[in-house]
Amino acid sequence: MADELLAVRRAKLEKLRADGIDPFPHRFAGVEPVAAVLAAHEALEAGQETDATHRVAGRLAARRGQGRMAFLDLVDRSGRLQLQARQDVLGDELHERLLTQVDLGDIIGVDGTALRTKRGEISLRIERFTVLAKSLRPPPEKHHGLQDVETRYRRRELDLMANEEARELFIARAKVITAIRSLLDGENFIEVETPILQPLYGGALARPFTTHHNALDRTLYLRIATELYLKRCIVGGLERVYEIGKNFRNEGLSTKHNPEFTVLEFYEAYADYNDVADRLESLVRSVAAQVGSTGRIDFEGPWRRVTLRAAIRDATGVDFMEHRDRAGLVAAIGDRLPTGGRTWPQLVDDLLSSFVEPTLQQPTFLMDYPVELSPLAKAHRSEPGLVERWEAFCAGIEIANAFTELNDPDEQRARFEAQARLAAEGDEEAAPYDEVFVQALEQGMPPTGGVGLGIDRLVMSLRDRSSIREVVLFPAMRD
RNA sequence: GCCCCUGUAGCUCAACUGGCAGAGCAGCGGACUCUUAAUCCGAAGGUUCCAGGUUCGAUUCCUGGCGGGGGCACCA
């Protein structure tokens, strides 16, 4: 059957060629979005015709009627426009060609005149049409669209052509990134590009992808974060920098994790974590206002700010600051979590992810983390054992992470040494010692606040999607 | 890596307790000059994911594999 469908379309392709029609012409200039045509004739009354001509192009999505008059739906990025095909306008040959050689799914260009049909739909009467690309495979079902999740992820082009909400989502995603750039540029941030291929990875605790450079005959890593290079830009005096790009982490896939994911990081000299919290909050609020939010999350109001300590204490009764030793914390947790083999910082993280994170539906900052979890953050100005770090959550997942950046090179060196000890104990996610970065700090880095924001996760919350695969065009899939 | 669910026509979905695998859309032939999930008539379209097993008989039950979804683990 599949072969039959393909053969029929190929036969039509050959028929077009036999008739002297190029089924894959090079260009079609002067196209208007269909939404512009619809907007221009909003005032027409039912049955009213015009002499206004328009040129549109897009994919043929539906066809009604097979006789001397037919209606077709043309879809472009801006929307859907009904076309009216009349034999008395096109002539016998062209009308016949349109109805028999052109298939649903073909890309066509149309010149026509605007009217509103007796049934009230703004339409374009086809004066001329051009096949712009013959489609040799059948499109997804016209009414139900493409539902199969696997096909939607693996063959995103089919999802995009069949499902308007998929198009809307990825257009919205683009607007999010454009809005972020515009807002940061307006605050005198400069956008930089730092290496994706790195001789040493850093800036987060994660396992990297490893590759090899032949000419240099050396191992390179795909970055897991942009943090260390961006701080070197701050050391260099760029003062306000940001980067939007992919990070890569060689870890499991889940509804919240894709091995490559898009992150905004920005760093601001002379600011601390409170300043950058204010900045992130207003940034996301503006983005949400510009792009719109379809979910139940309210980005408008002030975001809740609570310490990590209080959040865990309120949810569990466990105050990790009163149990700075592993044994004490294990005793306080009791049988609520498996504690075997977990270190003290891991247990704090477990408490957070099990009992606090799922409850954080509306935007919330959790402030002040144990130093053990944060090798790049500056010690808290008043709370011993804590660092000035926050994470922002909404819809039960983390969307951002920020520090008052550690700028004391000796302290940074000591933190790296602590990580090196963890690595020696077998922790594959411990941060490697980065001497070049420490030397950069030795040049002197101003007090700095920095933020990482997960763009994929932000789009998830703005468009009410529960899987990161819904917001990544081509998510990682098994072969 | 573990657990649960899942895989049927190009697409969207059916198929009772194990008894000839069906419909809509799309496609094909035909009718139709205001349709819009167009309508009507007709004919067609299947390796039921793969490999085994049980059975007179398997889409259905069992085992294994592969893909997908969800959860756990892991992880910013």
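Residue numbers start from 1 in every chain, and the chains themselves are labelled A, B, ... in the order their sequence lines are given, proteins ahead of strands.
Residue pairs satisfying the ring pair (Phe, Tyr, Trp, His ring centres under 6.0 Å) criterion with at least one member in residues 38-83 of chain A, sequence neighbours excluded, are listed as follows: A/His41-A/His54.
Here A/Glu383 pairs with nothing under the salt bridge (Lys or Arg N to Asp or Glu O under 4.0 Å) rule; sequence neighbours left out. When the salt bridge (Lys or Arg N to Asp or Glu O under 4.0 Å) test is applied to A/Arg10, no partner is found at least two apart in sequence or on another chain. Under the ring pair (Phe, Tyr, Trp, His ring centres under 6.0 Å) criterion, A/Phe437 pairs with no residue, sequence neighbours left out. Scored by the salt bridge (Lys or Arg N to Asp or Glu O under 4.0 Å) test, A/Asp103 finds A/Lys12, A/Lys134 as partners (sequence neighbours excluded). By the side-chain contact (heavy atoms from CB on, under 4.5 Å) test, A/Glu157 is found to be paired with A/Arg155, A/Phe474, residues two or more places apart in sequence or in another chain being considered. In terms of the salt bridge (Lys or Arg N to Asp or Glu O under 4.0 Å) criterion, A/Glu164 has no residue partners (sequence neighbours excluded).
Using Watson-Crick or G-U wobble geometry with both donor-acceptor distances under 3.5 Å, B/A9 finds no partner in any strand shown.
For RNA chain B, the residues of residues 251-263 of chain A within the heavy-atom distance limit of 4.0 Å (strictly under) are A/Glu251, A/Thr255, A/His257, sorted by number. Of all the residues in residues 73-90 of chain A, A/Gln82, A/Gln84, A/Arg86, A/Asp88 reach under 4.0 Å from RNA chain B with at least one non-hydrogen atom. Within residues 395-403 of chain A, the residues having any heavy atom closer than 4.0 Å to RNA chain B are, in order of number, A/Glu398, A/Asn401.
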Are any protein N/O atoms closer than 3.5 Å to N/O atoms in nucleotides 65-67 of chain B? If there are, list each pair with its distance.
| unit_1 | atom_1 | unit_2 | atom_2 | d |
| --- | --- | --- | --- | --- |
| B/G67 | O3' | A/Arg154 | NH2 | 2.7 |
| B/G67 | O2' | A/Glu150 | OE1 | 3.2 |
| B/G67 | O2' | A/Glu150 | OE2 | 2.3 |

What N/O pairs connect the protein and nucleotides 12-14 of chain B at under 3.5 Å? Give each pair on its own line.
| unit_1 | atom_1 | unit_2 | atom_2 | d |
| --- | --- | --- | --- | --- |
| B/U12 | OP1 | A/Gln147 | N | 2.9 |
| B/U12 | OP1 | A/Asp148 | N | 2.8 |

